[in-house]
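This report refers to the structure that appears directly beneath it.
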Amino acid sequence: MDIKVTVKLNQAAVEAKIKAASEKATVIVSQQALKDCNKYCKQDQSGLINSSLIHSDFTKGILCWRVPYARRQYYLDAVRKDINPNARKMWAHHAASVHGNEWLKAMQAALSRYVKEE
């Protein structure tokens, strides 16, 4: 007795499903990453943090602090901690070193969840 099984994979549908899940997961993880980065962002009058909320592109996973002094403050050693005691130079790099594994796990979980939903 011969048993024959044929499986046809709709590659375009699979790719579309993965792409849609990836886009949703990117937004969620980017928002969390920005929140974590801003925990360490230098803060005087909240201009840096506010600019990141306006200029970051969560759909593309791009976090951006866009004020004229952002680059200088990012690398400047001088840090005031009176307003934000967690503030430090290179805040995004620091956040990635502290929270990077959490972001990776969140991305994996979100991808898994959204692929199953589609």
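Fair warning: this is a prediction, and the values are worked out from it, not measured in the lab.
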Starting at [atom1] of [X], measure out to [atom2] of [Y] and round the result to the nearest 0.5 Å.
X      : Y      : atom1 : atom2 : result
Arg113 : Lys24  : CZ    : NZ    : 9.5 Å
Cys37  : Trp103 : SG    : CH2   : 4.0 Å
Asp44  : Ile49  : CG    : CD1   : 11.0 Å
Gln32  : Met107 : CD    : CE    : 13.0 Å

Shortest non-hydrogen contact between [X] and [Y], atoms and distance:
X     : Y     : answer
Ala87 : Val79 : O-CG1, 3.3 Å
Ser56 : Cys64 : OG-N, 3.0 Å
Val67 : Gly47 : CG1-O, 3.8 Å

Are the side chains of [Y] and [X] in contact, using a 4.5 Å heavy-atom criterion?
X      : Y      : answer
Lys42  : Trp91  : yes
Thr59  : Thr26  : no
Leu34  : Leu53  : yes
Leu111 : Ser22  : yes
Lys17  : Tyr114 : no
Leu48  : Gln43  : no
Lys39  : Asn86  : yes

Look at atom [atom1] of [X] and say whether more than 12 heavy atoms of other residues, nucleotides or ligands are closer to it than 6.0 Å.
X      : atom1 : result
Lys105 : NZ    : no
Asn101 : CG    : no
His55  : NE2   : yes

**Message:** Can a donor-acceptor pair be found, under 3.5 Å and without considering hydrogens, that links the side chain of Ser30 to the backbone of Val27?
**Reply:** no
**Prompt:** Is there a donor-acceptor pair closer than 3.5 Å between any side-chain N or O of Asp77 and the backbone N or O of Lys89?
**Reply:** no
**Passing candidate, side-chain contact (heavy atoms from CB on, under 4.5 Å) with Phe58, options Val29, Ile28, Leu63** = Leu63
**Message:** According to a hydrophobic-cluster definition based on side-chain heavy atoms being under 4.5 Å apart (Ile, Leu, Val, Met, Phe, Trp, Tyr only), do Met90 and Val98 belong together?
**Reply:**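 Result: yes, single cluster for both.
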**Request:** Check the hydrophobic clustering (I, L, V, M, F, W, Y; side-chain heavy atoms under 4.5 Å; chains of links allowed) and say if Ile3 and Val7 are grouped together.
**Result:** yes
**Asked** Does the distance from a Lys or Arg side-chain N to an Asp or Glu carboxylate O, for Lys19 and Glu23, drop under 4.0 Å?
**Response**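 Yes, Lys19 and Glu23 are salt-bridged.
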**Prompt:** Is there a donor-acceptor contact under 3.5 Å linking the side chains of Trp65 and Asn38?
**Reply:**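 There is such a pair between these side chains.
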**Message:** Does the plane of the ring in His99 sit parallel, tilted or perpendicular to the ring in Tyr40? Use 30° and 60° as the thresholds.
**Reply:**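 Rings of His99 and Tyr40: tilted, as their planes differ by 30° to 60°.
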**Request:** Not counting sequence neighbours, which residues clear side chain to side chain donor-acceptor pair (under 3.5 Å) with Asn50? List them please.
**Result:** none
